[in-house]
Amino acid sequence: FHDAVLDGSISLQRWYSYKQYLTHEAGFAPNVIDALDQASSDVVDLLGKPTVTGSWKRRGLVIGDVQYGKTATYIGLINKAADAGFRLVVLLTGGTESLRMQTQERVDEGFLGKDSRVTKDKVIGVGNFPTEDQFLRGQGMTTLATDFNANALNAQGVLIDPNADHPYVFVIKKNKVPLTNLITWLSGQFKGAQFDIPMLVVDDESDYASVNTNYRASGDTSPTVINQKIRDL
């Protein structure tokens, strides 16, 4: 993993659409976009190459000030990671539905390019800025109206295609029920077979609920519920 992920052989089409969106719709200044570009590339280069075979894991922590473009930065990171070949993206938000909805709206605009509030194809955000006369879509597995509902997706017969050229994107609360739904549903998708799809998990507000606060000086390290669910995922 010593080689950078973004080694020049990757076509950053999703990133370029996102950059155009930030410039022409979101009103970001050029110097801000340049800083976001550099910061997101620095992180993506440390993720590990999604083309590496076998089982492996990379973990890291990024610290940023409140209201300093944290969400815009990790959506840029997700765009570049998808360009590099990550095919399953799980974005863990705060613990409330209102925060999850806010994040889903930003993902709709900055990554999916589609308004998830409507069933028909309504193009928004990055969808208005295709590269090479097409926009590279992702498959949104949650919507502005609904957190992850395994029963609904099972009823629709939604399946993850290991050979798909698009990423599957989940935006879920750090809550026991949706996390359990996702773990159960993914387990059913692969039915014990090798999980060979490169996955990126972004834990927004990782100081909230994610830390195992059950640690005791006595040596008791039994994890808290959310900490255990994140480990399971």
* To do: Side-chain contact test, heavy atoms from C-beta onward, threshold under 4.5 Å: evaluate it for I78 versus V169 and give yes or no.
  => no
* Checking R117 side chain against A145 main chain: does a donor-acceptor pair fall under 3.5 Å? -> no
* **Expected output: side-chain D83 to main-chain W15 donor-acceptor under 3.5 Å** => yes
* Look at the aromatic rings of F129 and H24 and report parallel, tilted or perpendicular, splitting at 30° and 60°. => parallel
* May I ask you to decide if Q20's main-chain N or O and E25's side chain share a donor-acceptor pair within less than 3.5 Å? => no
* Asked: Between the side chain of N79 and the main-chain N/O of G110, is any donor-acceptor distance below 3.5 Å?
  -> yes
* To do: Could you tell me which non-hydrogen atom of A81 sits nearest to which non-hydrogen atom of V44, and how far apart they are?
  => N-CG2, 4.3 Å
* To do: Kindly give the heavy-atom pair with the smallest separation between H166 and R14, and that separation in Å.
  => CA-NH2, 4.0 Å
* For S116 and L144, indicate whether the former's side chain and the latter's backbone hold a donor-acceptor pair under 3.5 Å. => yes
* Sidechain-backbone polar pair: E205 side chain, G94 backbone, donor-acceptor under 3.5 Å -> no
* Asked: Side chains of L47 and F86: does their closest heavy-atom pair fall under 4.5 Å?
  -> yes
* N227 side chain vs S210 backbone, donor-acceptor pair below 3.5 Å -> yes
* Asked: Quick one: does T224's side chain get under 4.5 Å of V211's, heavy atoms only?
  -> no
* **Name of the residue among D204, D203, T93 meeting side-chain hydrogen bond (donor to acceptor under 3.5 Å, both in side chains) with K174** => D203
* In Å, rounded to the nearest 0.5 Å, how long is the span from CD1 of I172 to CG of N181? -> 8.5 Å
* How long is the gap from CG on D108 to NZ on K122, to the nearest 0.5 Å? -> 11.0 Å
* **Test item: L200 and V90 side chains (from C-beta on) under 4.5 Å apart, heavy atoms** => no
* Spell out, yes or no, whether V89 and I10 are grouped together once hydrophobic residues are joined by side-chain heavy atoms under 4.5 Å, including indirect joins. => yes
* Tell me, do V126 and Y16 make a side-chain contact under 4.5 Å, heavy atoms counted? -> no
* **K120 side chain near D115 side chain, heavy-atom distance below 4.5 Å** => no
* To do: Examine distances only and state if a side-chain atom of N175 and a backbone atom of G95 form a donor-acceptor pair shorter than 3.5 Å.
  => no
* Distance in Å, L233 CG paired with F170 CZ, rounded so as to fall on 0.5 Å steps -> 9.5 Å
* **Co-membership, hydrophobic cluster, residues V5 and L136, 4.5 Å side-chain** => no
* To do: For the pair D7 and K49, evaluate salt bridge (Lys or Arg N to Asp or Glu O under 4.0 Å) and give the outcome as yes or no after the intermediate values.
  => CA-CA 10 Å; D7 58 7; K49 287 191 175 183; 3.5 Å; yes
* Side chains of T73 and L77: does their closest heavy-atom pair fall under 4.5 Å? -> no
* **R231 atom CZ: more than 12 heavy-atom contacts under 6.0 Å** => yes
* To do: Tell me whether Y21 is reachable from I124 by hopping between hydrophobic residues (I, L, V, M, F, W, Y) whose side-chain heavy atoms are closer than 4.5 Å.
  => no
* Asked: Measuring from K114:NZ to E109:CD, what's the distance to the nearest 0.5 Å?
  -> 13.5 Å
* Looking at I160, N149, T180, which hits side chain to side chain contact (heavy atoms under 4.5 Å, CB included) with W185? -> I160
* Asked: Are L179 and M141 connected, step by step, through hydrophobic side chains (Ile, Leu, Val, Met, Phe, Trp, Tyr) whose heavy atoms are closer than 4.5 Å?
  -> yes
* To do: Assess whether side-chain hydrogen bond (donor to acceptor under 3.5 Å, both in side chains) is satisfied between T142 and Q104, documenting all intermediate values.
  => CA-CA 8 Å; T142 53; Q104 180 74 59; 2.6 Å; yes
* S187 versus T184, side-chain donor and acceptor atoms under 3.5 Å -> no
* To do: Examine distances only and state if a side-chain atom of D147 and a backbone atom of K173 form a donor-acceptor pair shorter than 3.5 Å.
  => yes
* Structure fact -> Closest non-hydrogen contact found for P50 with P198 is CB-CB, 3.7 Å
* Do L6 and K80 touch side chain to side chain, with heavy atoms closer than 4.5 Å? -> yes
* Report the C-alpha distance between D161 and R87 in whole Å, list the side-chain angles of each, state the deciding distance to 0.1 Å, and finish with yes or no for salt bridge (Lys or Arg N to Asp or Glu O under 4.0 Å). => CA-CA 10 Å; D161 178 4; R87 286 293 171 262; over 6 Å; no
* **Main-chain N/O of V171 paired to R100 side chain as donor or acceptor, under 3.5 Å** => yes
* Asked: Does the pair Q38 and D34 meet the rule for a side-chain hydrogen bond (donor to acceptor under 3.5 Å, both in side chains), with working shown?
  -> CA-CA 6 Å; Q38 184 62 55; D34 289 343; over 6 Å; no
* To do: Consider only side-chain heavy atoms of I, L, V, M, F, W and Y, link residues closer than 4.5 Å, and tell whether L99 and F111 are in one cluster.
  => no
